[in-house]
Amino acid sequence: MAKPGLPQGTRDFGPEVVRKRQYIFNTIRSVFELYGFQPLETPAMENLDTLMGKYGEEGDKLIFKILNNGLDNPDKHQQARADFEKVLEGKNVKGLTERALKYDLTIPFARYVAMNHGQLTFPFKRYQIQPVWRADRPQKGRYREFYQCDADIVGSNALLNEVELANIYNDVFTQLGVTGFELRINSRKLLAALAAFCGGAEKMIDITVAIDKLDKIGLDKVKEELAQRGLNNEQIDTIEKYLAITGSNEDKLEQISALLGHLEIGRKGIEELETVNRQSAIDNLVIDFTLARGLNYYTGIIFEAKAPATVKIGSIGGGGRYDDLTGLFGVPNIPGVGISFGVDRIYDVMEELKLFPEGVYTGTQVLFFNLGAEESKTAFATMQNLRKQGVRCELYHEAAKMNKQFNYAEKKNIGFVVIIGSQEIQSNTGVVKNLKTGAQETLPLADLTNKLFI
RNA sequence: GAGGUUGUAGCUCAGUUGGUUAGAGCGCAAGUUUGUGGCACUUGAGGUCGUGGGUUCGAGACCCAUCAUCCUCCCCA
């Protein structure tokens, strides 16, 4: 028998952890619902075509591909071998793999919208809470299977959507108690303007990739990388000016106007940031011109939620506007904007900062002691009564020493026990004990109601 | 994909320059206590030292390989 184990980067979640995770899911879900978003689910796997080429070159490598079934069929051996040769050259071959685990929720959503745009009422606001998979190397805050909670609005260009999404971030993190978060925003239009201004519109991706690393590797290394990517000194000087902008959000907007306001696309980007900054009125909102985000389908405002600086986890959510996402699937002119929460990282942050409230751990509210065959019949009937009133309770599975039953309640963090022994049966009563305070009283069984156990 | 770390009881970890029967704390089980838990005390169960090979009279320790793990880079949630 081989030792049991888990695939790298995946985890089991025990009861306590699931409760804490659900607390996060429920908070996010209720805020999404509060803002008028509707739920959607898509399959764990997609056709490989749907995913490939949507996440950049690096992204393609991180997609988990699923090996086709039936490759052992002797009739197909020759073809399979030929296909495998192509795989060794780094190509994807339908003969071997035509499905893959989904990498994020946005592209499957775009695929869904493209397939159903005739039936949907626009603007369509959907939220989606599902696992995604990445063939990444696991490390701190990084898993191969993790959950994303996405909210997107498609079919609307209104900046109101961006404002709403910013507020969703704020509401969720505030409710969860993650008050030290920072919501960074930028506009891809400014990055486009910068690239155009530098005379290298086609260099936009090179530029964004490089400046995205600023806080990690520092200005000098960014300049080095820009040079490596083929930019000349004059262009790099302009980018340096762009990166040097600091101050309050208002200061930054003023300075960026001076630098890029003369370009139409630059002016548009500035307007976007101004609007979101002014209307959302979130304290933790930071305009950050170095924010670039890797996904190359963003075209307008981009978001990144950063964990409090004390926990070195970095991004706990991100998103942005994409003007033509479904265009990739043959349905042009459906603009959208969306955000995503990384639950697994939010969990790690909350664990580290001890932000889970006490009540999260409570499952069963009342444990009925089992003191013998006869006694337990009364206990069972009483328990069923309480369950009808919505009280979560259980009867100890066998007659055992009270010691043992108390310990069981203690371990499961059960707040109350009800003891019904031979004496109590005679008087039709039960002993109700509060395990937190140690207080107990003997009450008629008829008086046991849900109000007692809150 | 590149680099590094660690692997000893269910968990967290000790284990000296290589030396006889591998330890502790927590947890678990039983008891002190046959109707009142958490505390205390007593007793007990539990380890092919990740795996395979090598060096040695002798390996948990040294060497090689391998697997797993965690971390860093890349990229991301």
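The structure displayed is predicted, hence computed values, not measured ones. Residue numbering restarts at 1 for every chain, and letters A, B, ... go by the order of the sequence lines.
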**Report entry** Under 3.5 Å donor-acceptor pair, A:Q440 side-chain atoms to B:U36 base atoms
**Finding:** yes

Report task. Could you check whether A:G317 gets within reach of a base, just the sugar-phosphate, or nothing at all, counting any heavy atom under 4.0 Å? Result -> sugar-phosphate

Requested in this report: For B:A45 versus B:G25, give the span between their P atoms, rounded off to a whole number of Å.
Outcome: 15 Å

Query raised in the report: Hey, does A:Y143 reach any base, or is it just sugar-phosphate, or nothing, if we go heavy atoms under 4.0 Å?
Result: base

Report summary line: Rounded to whole Å, the CD-C1' distance (A:E304 to B:C76) equals 9 Å

Report task. Using the C1' atoms only, state how far B:C76 lies from B:G1, rounded to an integer number of Å. Result -> 16 Å

**Report entry** B:C70 and B:U33, which share atom name P, separated by this distance in whole Å
**Finding:** 48 Å

Query raised in the report: With sugar-phosphate meaning primed atoms plus P, OP1 and OP2, does A:G59 contact a base, only sugar-phosphate, or nothing at under 4.0 Å between heavy atoms?
Result: nothing

Requested in this report: Report yes if some heavy atom in the side chain of A:T326 is under 4.5 Å from a heavy atom in the side chain of A:V154; otherwise report no.
Outcome: no

**Report entry** Check ion pair A:E272-A:R321 (N to O, under 4.0 angstrom)
**Finding:** no

Query - A:F32 side chain near A:K125 side chain, heavy-atom distance below 4.5 Å - result: no

Query raised in the report: NA contact type, A:G141, heavy-atom cut-off 4.0 Å: base, sugar-phosphate, or nothing?
Result: base

Report summary line: Testing B:A77, B:A30, B:G31 for proximity to the side chain of A:K401, the answer is B:G31

Requested in this report: Return the value, rounded to whole Å, for the distance between atom CG of A:L105 and atom P of B:C76.
Outcome: 17 Å

Report task. Find the distance A:F341:CZ to B:A77:P and express it as a whole number of Å. Result -> 13 Å

**Report entry** Side chain of A:F406 - closest among B:A30, B:U36, B:C75
**Finding:** B:U36

Query raised in the report: In terms of side-chain geometry, is the basic nitrogen of A:R142 or A:D344 positioned less than 4.0 Å from the acidic oxygen of its partner?
Result: no

Query raised in the report: Can you find an N or O donor on one side and an acceptor on the other, under 3.5 Å apart, linking the side chain of A:R137 with the base of B:C70?
Result: no

Query - Interatomic distance, A:D136 CG vs B:C70 P [rounded to whole Å] - result: 13 Å

Query - P atoms of B:G38 and B:U5, separation to the nearest Å - result: 47 Å

Requested in this report: Indicate yes or no: at least one non-hydrogen side-chain atom of A:Y55 is less than 4.5 angstrom from one of A:D104.
Outcome: yes

Report summary line: Only one of A:I107, A:L101, A:L51 passes side-chain contact (heavy atoms from CB on, under 4.5 Å) with A:E46, and that residue is A:L51

Query raised in the report: Taking only side-chain nitrogens and oxygens of A:K436, does any of them come within less than 4.0 Å of OP1 or OP2 of B:G38?
Result: no

Report summary line: Rounding to 0.5 Å, atoms CG (A:D136) and CZ (A:F64) come to a distance of 9.0 Å

Requested in this report: Identify whether a stacking contact exists between A:F146 and B:A77, where the ring centres must be under 5.5 Å apart and the planes under 30° apart.
Outcome: yes

Query - Whole-Å P distance, B:C13 and B:U8 - result: 9 Å

Query raised in the report: So what does A:D344 hit on the nucleic acid, given a heavy-atom distance under 4.0 Å: a base, only sugar-phosphate, or nothing?
Result: nothing

Query raised in the report: Can you tell which of B:G38, B:C71, B:A77 lies closest to the side chain of A:N407?
Result: B:G38

Requested in this report: Give the rounded distance in Å between these two atoms: CG of A:D60 and C1' of B:C76.
Outcome: 15 Å

Report summary line: Exactly one of A:V276, A:V337, A:I301 clears side-chain contact (heavy atoms from CB on, under 4.5 Å) with A:N161, and that residue is A:V337

Query raised in the report: With a 4.0 Å cut-off on heavy atoms, is A:L435 in touch with a base, just the backbone sugar-phosphate, or nothing at all?
Result: base

Report summary line: Ranking B:U72, B:A77, B:U36 by distance to the side chain of A:Q139, first place goes to B:U72

Query raised in the report: Between the side-chain atoms of A:R134 and the base atoms of B:C75, is any donor-acceptor pair under 3.5 Å?
Result: no

Query raised in the report: Checking ring pair (Phe, Tyr, Trp, His ring centres under 6.0 Å) for the pair A:F173/A:F341: CA distance, chi angles, key distance, verdict?
Result: CA-CA 10 Å; A:F173 288 129; A:F341 287 88; 5.5 Å; yes

Query - Check: A:F289 and A:L194 side chains under 4.5 Å, non-hydrogen atoms - result: no

Query raised in the report: Of the nucleotides B:C28, B:G38, B:U69, which one has an atom closest to the side chain of A:Q8?
Result: B:U69

Query raised in the report: When you match A:Q148 and A:G9 each to their closest nucleotide on RNA chain B, which lands nearer the 5' end?
Result: A:G9

Requested in this report: Under 4.0 Å between any heavy atoms, over every strand shown, what does A:I419 touch: base, sugar-phosphate, or nothing? Just pick one.
Outcome: base

Requested in this report: Answer with yes or no after comparing the ring centroid distance for A:Y147 and A:F25 against a 6.0 Å cut-off, counting only values under it.
Outcome: yes

Requested in this report: Taking atom P in both B:G10 and B:C28, compute the distance separating them and give it to the nearest angstrom.
Outcome: 15 Å

Query raised in the report: Does the pair A:K94/A:D49 count as a salt bridge with the N-to-O cut at 4.0 Å?
Result: yes

Query raised in the report: Looking only at atom P, what distance separates B:U69 and B:C74, rounded to whole Å?
Result: 23 Å

Query raised in the report: If you measure from the P atom in B:G7 to the same atom in B:G60, how many Å do you get, rounded?
Result: 15 Å

Report summary line: Which of B:U72, B:A77, B:C75 is nearest the side chain of A:L62? It is B:C75

Requested in this report: Quick one: label A:S315 by what it contacts on the DNA or RNA (base, sugar-phosphate, nothing), any heavy atom closer than 4.0 Å.
Outcome: sugar-phosphate

Report summary line: What residues 422-430 of chain A contributes to the RNA chain B interface at heavy-atom separation below 4.0 Å is A:S422, A:Q423, A:E424

Report task. Under 3.5 Å for both distances, Watson-Crick or G-U wobble, that's the pair rule; now give the dot-bracket for RNA chain B, with | marking pairs to another strand and [ ] for crossing ones. Result -> ((((.((..((((.....[...)))).(((((.......))))).....(((((..]....))))))).))))....

Report task. Check every strand shown and say whether A:K61 touches a base, only sugar-phosphate, or nothing at a heavy-atom separation below 4.0 Å. Result -> nothing

**Report entry** Distance, rounded to the nearest Å, where A:R21 contributes CZ and B:A77 contributes C1'
**Finding:** 12 Å

Query raised in the report: Rounding to a whole Å, what distance do you find between A:R144:CZ and B:C70:P?
Result: 11 Å

Report task. State plainly whether the residues A:R19 and A:E16 are in salt-bridge range, i.e. N to O under 4.0 Å. Result -> no

Query raised in the report: What is the distance, rounded to the nearest whole Å, between atom CZ of A:F64 and atom P of B:C76?
Result: 18 Å

Report task. Taking only the side-chain nitrogens and oxygens of A:K411, find out if one of them lies under 4.0 Å from OP1 or OP2 of B:C28. Result -> yes

